[in-house]
Asks: 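To start, I am sharing the structure in question, which I have written as structure tokens.
Letters go in sequence order (proteins before strands), and every chain restarts at 1. Side chains are part of it too, since the values below use all heavy atoms of this structure and drop only hydrogens, waters and symmetry mates.
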Number of protein chains: 2
Amino acid sequence: MVMSVDTDLLRVLSDPLRLRIVTLLARETLCTTHLVEETGARQTNLSNHLKVLREAGLVDTEPCGRFTYYRLRPEVLEALSGQFAALAATARANADTKRSC
Amino acid sequence: MVMSVDTDLLRVLSDPLRLRIVTLLARETLCTTHLVEETGARQTNLSNHLKVLREAGLVDTEPCGRFTYYRLRPEVLEALSGQFAALAATARANADTKRSC
DNA sequence: GACTGACATCACCATGGACTGATACTTTCA
DNA sequence: TGAAAGTATCAGTCCATGGTGATGTCAGTC
């Protein structure tokens, strides 16, 4: 039984800047200002990407005064990892299965 | 140490039809004709997507007379799975790390 | 209450890429 | 050798989406 991978989630992660953000957030919880410093991207651009990450359930927001902290949710990445592992296992199990023409 | 995930590979996998192809190939090795039957997509369209999958190293081709068999390469998916797992593990380890503003 | 900083939203533009029809190439078979 | 089937390539169209500037909103500070 092959678990289906969510293409929307993959699309979200396939953007270089968004993956950069995710990688940075894996190391520490940051707010937008930090991300602007780290990535060199414009605030507007980052805000747009963070919205996408939020809507994909990849990050949680934590308002703190006038700052907004962004925290990565490991569960989502773990699930994705598991889905790819399952897909790879299926492929290995059926390595010799070939439909004839 | 966070392994960097390849965004190009993610972009390739984030297309619904391509992921569909990958999922089908995980179950059995197929040729283009089979994929046309299974997906309902045009031959030209499929050929384009298969080229993308080939160039991304996700599939191997095996010519067989006038047919071309496509075989999924599990290593690539396994590597991807491991990279996401590592990223998630990093995030769990640093769950309480927060940079102050 | 006026001002500044942090962040979000909006409207717009530019570009990548998915899909298509036409066509070329290659193999098999009559 | 001609025809048909399987597949790849090419040129073109169209749309989704990433980037940007202008602007809005809210919290803290004077």
Asks: Between Asn94(A) and Thr97(A), is there a donor-acceptor pair closer than 3.5 Å when you use the side chain of the first and the backbone of the second?
Replies: no
Asks: If two hydrophobic side chains count as joined below 4.5 Å and joins carry through other members, does Val12(B) share a cluster with Leu50(B)?
Replies: yes
Asks: With nearest nucleotides of DNA chain D determined for Val52(A) and His34(B) from heavy-atom distances, which residue corresponds to the more 5′ nucleotide?
Replies: His34(B)
Asks: Does anything in residues 61-70 of chain B reach DNA chain D, meaning a heavy atom under 4.0 Å, and if so which residues?
Replies: Arg66(B), Phe67(B), Thr68(B), Tyr70(B)
Asks: Specify the separation, in whole Å, of atom CG of Leu53(B) and atom C1' of dA8(D).
Replies: 15 Å
Asks: Any donor and acceptor pair, going by atom type alone, linking the side chain of Ser14(A) with main-chain N or O of Arg11(A) inside 3.5 Å?
Replies: yes
Asks: Roughly, in whole Å, what's the span from CD1 in Ile21(A) to P in dG18(D)?
Replies: 11 Å
Asks: Does one hydrophobic cluster hold both Val59(A) and Phe67(A), with members joined at side-chain heavy-atom distances below 4.5 Å?
Replies: no
Asks: For Leu17(B) and for Cys101(B), find the nucleotide of DNA chain C with the closest heavy atom, then tell me which residue's nucleotide is more 5'.
Replies: Cys101(B)
Asks: May I have the distance from Glu55(B) (atom CD) to dT9(D) (atom C1'), rounded to whole angstrom?
Replies: 12 Å
Asks: Taking N or O atoms only and anything under 3.5 Å, show me the protein contacts with nucleotides 15-17 of chain D, one pair per line.
Replies:
none

Asks: Hey, what's the ring geometry for Tyr69(B) with His34(B), parallel, tilted or perpendicular (30° and 60° as the breaks)?
Replies: tilted
Asks: Distance check, rounded to the nearest 0.5 Å: Thr61(B) atom OG1 versus Arg71(B) atom CZ?
Replies: 10.5 Å
Asks: Quick one about Ser81(B) and Ser81(A) (side-chain donor to acceptor, distance below 3.5 Å, no hydrogens or angles considered), yes or no?
Replies: yes
Asks: Looking at Arg99(A) and Glu38(B), is there a salt bridge between them, counting it only when a charged N and a carboxylate O are closer than 4.0 Å?
Replies: yes
Asks: Output the distance between atom CG (Leu58(A)) and atom CG (Leu25(A)), rounded to the nearest 0.5 Å.
Replies: 10.0 Å
Asks: Could you check which residues of residues 40-51 of chain B get a heavy atom under 4.0 Å from DNA chain C? Sort them by number, please.
Replies: Arg42(B), Thr44(B), Asn45(B), Asn48(B), His49(B)
